[in-house]
Amino acid sequence: QLQLVESGGGLVQPGGSLRLSCAASTFSIRYLGIGWFRQAPGKEREGVSCISSSSGDPTMYAESVKGRFTISRDNAKNTVYLQMSSLKPEDTAVYYCAAVQATKESLCIMRSLSNDWGQGTQVTVSS
C-alpha cells in the first residue's frame, strides 16, 4: 500500500512562503498523479493542486492558488513538493497529499484514489 507523508508546514506571516513535501514510501510515484488537498476548520477538504505522471508533468491548480503555488515532483527522491508563496490567512489549513485519479490522457484530476488520508501538515498564516 502506498504511504505518503506530508511535512513542511508551520506558522508564517501573510505574504510569506513555505514549501511542503510529500514523501512516498513502499512504491514509486513515478507513474502516479499526486495531488495536494487542504482542509480548514469547519470546511470540507478541497483540492489545491495536482501533478500528472505523463510527459512534461502537466499540472492543475485551484483558482484560489493560481499564480501563488507551484507543484513539482522529484521522482528520484520519490517526493512531490508544493511551493507556496504570497500566503494569505485563508490558506490556513491542514494540507494533505494523495495519489489522484487521471483522465484517459493521463492528466491528473484533483480527486483522491483512496479515502485513506495521512496526518497532513498544518499551515497557519497569521500575523
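Predicted model only: the values in this text are computed from it and were never measured. Below, all heavy atoms of this structure are taken into account, side chains as well, without hydrogens, waters or symmetry copies.
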Asker: Can you tell me if Arg73 uses its side chain to pair, donor with acceptor, with the backbone of Ser52 under 3.5 Å?
Answerer: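 Looks like yes, one N/O pair under 3.5 Å.
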Asker: In this structure, which one of Asp91, Thr121, Thr92 forms a side chain to side chain donor-acceptor pair (under 3.5 Å) with Arg38?
Answerer: Asp91
Asker: Taking Arg68 for the side chain and Ser86 for the main chain, is one N or O donor matched with an acceptor at less than 3.5 Å?
Answerer: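 Flag set: sc Arg68 to bb Ser86 pair under 3.5 Å.
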Asker: Any side-chain heavy atom of Ser54 sitting closer than 4.5 Å to one from Leu107?
Answerer: yes
Asker: Are Phe69 and Val123 co-members of a hydrophobic cluster defined by side-chain heavy atoms under 4.5 Å apart?
Answerer: yes
Asker: Work out which heavy atom in Gln39 is nearest to a heavy atom in Lys43; give both atom names and the distance.
Answerer: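 Nearest heavy atoms, Gln39 then Lys43: NE2-O, 3.1 Å.
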Asker: Is there a chain of hydrophobic side chains (I, L, V, M, F, W, Y, each step under 4.5 Å between heavy atoms) that links Tyr96 to Val65?
Answerer: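 No.
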Asker: Answer yes or no: is there a donor N or O on one side and an acceptor on the other, between the side chain of Asn78 and the main chain of Ala23, under 3.5 Å?
Answerer: no
Asker: What's the verdict on side-chain contact (heavy atoms from CB on, under 4.5 Å) for Ser28 and Asn75, showing C-alpha distance, side-chain angles and the deciding distance?
Answerer: CA-CA 8 Å; Ser28 171; Asn75 290 331; 6.0 Å; no
Asker: Is the shortest heavy-atom distance from the side chain of Leu82 to the side chain of Met84 under 4.5 Å?
Answerer: yes
Asker: If you measure from OG on Ser49 to OH on Tyr81, what distance do you get to the nearest 0.5 Å?
Answerer: 15.0 Å
Asker: Mind listing the side-chain donor-acceptor pairs of residues 10-21 below 3.5 Å, one per line with the distance, residues two or more places apart or on another chain?
Answerer:
none

Asker: Which heavy atom in Thr79 sits nearest to a heavy atom in Lys77, and how many Å separate them?
Answerer: OG1-O, 2.8 Å
Asker: Under the rule for side chain to side chain contact (heavy atoms under 4.5 Å, CB included), what residues qualify as partners of Ala99, not counting sequence neighbours?
Answerer: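 Listed in chain order: Leu2, Leu32, Ile34, Leu113.
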Asker: More than 12 heavy atoms of other residues, nucleotides or ligands under 6.0 Å from CD of Gln119: yes or no?
Answerer: no
Asker: Decide whether Met60 and Val80 are clustered together by the hydrophobic rule: side chain heavy atoms of Ile, Leu, Val, Met, Phe, Trp, Tyr closer than 4.5 Å, transitively.
Answerer: no
Asker: Can you name the closest pair of heavy atoms from Trp36 and Cys22 and give their distance?
Answerer: CZ2-CB, 3.5 Å
Asker: Which pair of non-hydrogen atoms, one from Ala102 and one from Ile109, has the smallest distance, and what is that distance?
Answerer: C-CD1, 3.8 Å
Asker: For residues Gly35 and Val100, report the shortest heavy-atom separation together with the two atoms involved.
Answerer: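 Heavy-atom minimum between the residues: N-CG1, 3.5 Å.
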Asker: Would you indicate whether the side-chain heavy atoms of Glu6 and Tyr95 approach each other to under 4.5 Å?
Answerer: no
Asker: With a 3.5 Å distance limit and no angle check, can you tell me whether Tyr61 reaches the backbone of Ile71 through a side-chain donor-acceptor pair?
Answerer: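 Judged by distance alone, yes, a pair lies under 3.5 Å.
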Asker: Taking the six-membered ring for Trp, is the centroid-to-centroid distance between Trp117 and Phe37 below 6.0 Å?
Answerer: yes
Asker: State whether the side chain of Thr70 and the backbone N or O of Gln83 hold a donor-acceptor pair below 3.5 Å, judged by distance alone.
Answerer: no
Asker: Within this structure, what is the OG-CD distance for the pair Ser112 and Gln101, rounded to the nearest 0.5 Å?
Answerer: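 That separation rounds to 8.0 Å.
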